[in-house]
Amino acid sequence: MLRRTRRGMGAALVALGALGIGADGLAAQTTGLPLRMMPIRTGVELAGDLGLARLTEGTEEQKVTAFAGSAFAGIGPVGIGATLVRATRSDDGPDVTAFTGMFGVRVLGGPLVPLSITWQGAVTVPLGTIDSVASGSSDRPWRGSLGLGAALTIPFPVLAITPWVGPRVDYFRRQPISGSRAKGAVAAGVDLGFLNGLVLRAAYDSRVGWEPADQAPAGVSFGVGYRFR
C-alpha cells in the first residue's frame with residue numbers, strides 16, 4: 001500500500017509539473033462548471049451537465065450558465081476524463097468554450113471496497129483566445145488543479161448512492177491583480193447510480209474557473225449520465 005501511495009503521489013506530481021507548460025493567463029473568466037474531483041470508477045461513463053455559477057465583479061454580480069459533455073474511463077487504479085463546456089455570462093463578457101482533461105491514480109479502495117481515495121490532477125484551457133479589456137490584447141487563460149478525491153459508495157437494492165468530496169489546489173500561470181498563483185478550493189457532490197447504468201448527479205464548487213483574487217465564485221451543476229461496465 002505504501003508503494004502504491006508513493007507511485008500515485010509521483011504520478012500526480014508529474015501531472016502538476018506538466019501544467020506549467022502553457023501561455024500566461026488572463027484570470028477573468030469562468031467555466032461556470034464545478035470541477036468533479038470524484039474518483040474515476042472502473043468502466044466508461046458518458047454524461048451531460050448543466051452548470052450554474054455566480055461571481056462578483058466590484059459591486060455587480062454576474063451569472064454564468066454552462067452546458068457540458070464529458071467522458072470518463074477507468075482501468076484498474078488509473079482513470080482519465082475529458083469535459084467540453086460552453087459557458088455564457090449574463091453581462092457583455094465573452095462566451096467561453098473550454099476543455100478540461102483529468103488524470104487520476106487510486107491509492108485506496110477497489111471493486112469490493114466502498115471507500116475510494118484518488119490523487120487527481122486536471123488542466124482547463126479555453127478553446128481559442130479571449131480578449132482582455134484591461135490590456136487590449138488576446139490571451140488564453142488556463143488553470144491547473146491537483147487534489148484528492150474521496151468517495152463512499154452506499155449500496156441499496158435498486159441503486160447506489162455515492163457522496164464525494166474533492167479538496168484541491170488551483171494553480172494560475174499568472175496572478176493579474178494580487179495574491180498567490182495557488183488558490184485552495186473544494187468541490188463536493190453526490191451520484192445516484194442505478195442498476196441499468198443510469199447515473200443522476202449533482203455537484204458544488206466553492207471556486208469555479210479563472211478569477212482575480214477579489215472574486216470567489218461558487219457554482220452548482222446537475223447532470224445525467226450512463227455507465228458502461
Side-chain angles (χ1 to χ4, degrees), residues 1-9 11-12 15 31-53 66-83 85 100-122 145-170 184-208 218-229:
M1 180 62 69
L2 181 57
R3 291 181 178 177
R4 181 185 297 179
T5 302
R6 288 176 176 173
R7 288 197 299 267
M9 291 179 65
T31 62
L33 193 74
L35 184 61
R36 285 178 57 89
M37 297 296 283
M38 176 182 182
I40 299 173
R41 291 164 289 206
T42 301
V44 176
E45 182 175 331
L46 304 178
D49 291 279
L50 167 65
L52 304 172
F67 296 93
S70 59
F72 298 90
I75 302 177
V78 178
I80 59 174
T83 298
V85 57
T100 297
M102 299 186 68
F103 175 79
V105 178
R106 187 173 64 242
V107 295
L108 178 66
L112 301 179
V113 180
L115 177 64
S116 178
I117 298 178
T118 304
W119 279 106
Q120 296 205 159
S145 304
L146 179 64
L148 285 173
L152 178 64
T153 300
I154 306 171
F156 289 93
V158 296
L159 61 83
I161 301 176
T162 307
W164 61 271
V165 61
R168 70 181 190 272
V169 174
D170 286 344
V186 62
V190 61
D191 284 19
L192 304 180
F194 295 85
L195 292 178
N196 61 1
L198 178 67
V199 179
L200 302 179
R201 62 191 201 173
Y204 167 83
D205 199 325
S206 64
R207 184 179 293 274
V208 290
V220 297
S221 67
F222 305 93
V224 59
Y226 188 84
R227 188 179 308 142
F228 302 87
R229 302 179 183 177

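Hydrogens, waters and symmetry mates play no part in the numbers below; they use all other heavy atoms, side chains included.
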Next on the checklist: Go through it in stages, so that I can follow the logic: the residues are Leu108 and Leu115, the test is side chain to side chain contact (heavy atoms under 4.5 Å, CB included), and I'd like the CA-CA distance, side-chain angles, deciding distance and then a yes or no.
Outcome noted: CA-CA 7 Å; Leu108 178 66; Leu115 177 64; 4.1 Å; yes
Item to check | Criterion side chain to side chain contact (heavy atoms under 4.5 Å, CB included) on Val190 and Thr162, from CA distance to verdict | outcome: CA-CA 5 Å; Val190 61; Thr162 307; 6.0 Å; no
Checklist entry - At their closest point, which heavy atom of Ile154 faces which heavy atom of Pro163, and how far apart are they? => result CD1-CD, 4.4 Å
Checklist entry - Taking all atoms of both residues into account, what is the closest heavy-atom pair of Pro39 and Ala151, and its distance? => result CD-CB, 3.8 Å
Item to check | CD1/Ile75: more than 12 non-hydrogen atoms of other groups inside 6.0 Å | outcome: no
Checklist entry - Which heavy atom in Thr153 sits nearest to a heavy atom in Ala160, and how many Å separate them? => result CG2-CB, 4.0 Å
Checklist entry - CG of Leu52 to OG of Ser221: how many Å apart, nearest 0.5 Å? => result 8.5 Å
Checklist entry - Of the non-hydrogen atoms in Gln120 and Gly104, which two are nearest, and what is the gap between them? => result CG-CA, 4.1 Å
Checklist entry - CH2 of Trp164 to CG of Asp191: how many Å apart, nearest 0.5 Å? => result 8.0 Å
Checklist outcome for this item: Smallest heavy-atom separation, Ser206 atom then Ala185 atom, equals OG-CA, 3.7 Å
Next on the checklist: Counting C-beta onward and ignoring hydrogens, is there a side-chain heavy-atom pair between Phe194 and Leu159 closer than 4.5 Å?
Outcome noted: yes
Checklist entry - Got Arg36 and Thr83 here, is their nearest side-chain heavy-atom distance under 4.5 Å? => result no
Checklist entry - Side-chain contact, heavy-atom cut-off 4.5 Å: Leu200 with Phe222? => result no
Item to check | Side chain proximity check, Phe103 to Val78, heavy atoms < 4.5 angstrom | outcome: yes
Item to check | Point-to-point distance, once rounded to the nearest 0.5 Å, from OH of Tyr226 to CD of Glu45 | outcome: 11.5 Å
Checklist entry - Mind checking whether Ile40 and Thr118 have side chains closer than 4.5 Å, heavy atoms only? => result no
Checklist entry - So do the side chains of Val169 and Leu146 get within less than 4.5 Å of each other, counting heavy atoms only? => result no
Next on the checklist: Any side-chain to backbone donor/acceptor pair from Arg106 onto Gly76? Under 3.5 Å, distance only.
Outcome noted: yes
Checklist entry - So which heavy atom on Gly166 is nearest to which on Met37, and how close? => result CA-CB, 3.8 Å
Item to check | Option among Val199, Leu198, Leu50, Asp49 that satisfies the side-chain contact (heavy atoms from CB on, under 4.5 Å) test with Val224 | outcome: Leu198
Checklist entry - With no hydrogens and no angle check, is any side-chain donor or acceptor of Tyr204 less than 3.5 Å from a backbone partner on Val186? => result no
Checklist entry - What distance separates Ile80 CD1 from Phe72 CZ, expressed to the nearest 0.5 Å? => result 10.5 Å
Next on the checklist: For Gly219, is there any backbone N or O sitting under 3.5 Å from a side-chain donor or acceptor partner on Asp205?
Outcome noted: no
Item to check | Pairwise distance CE(Met102) to CG(Leu35) - rounded to 0.5 angstrom | outcome: 5.0 Å
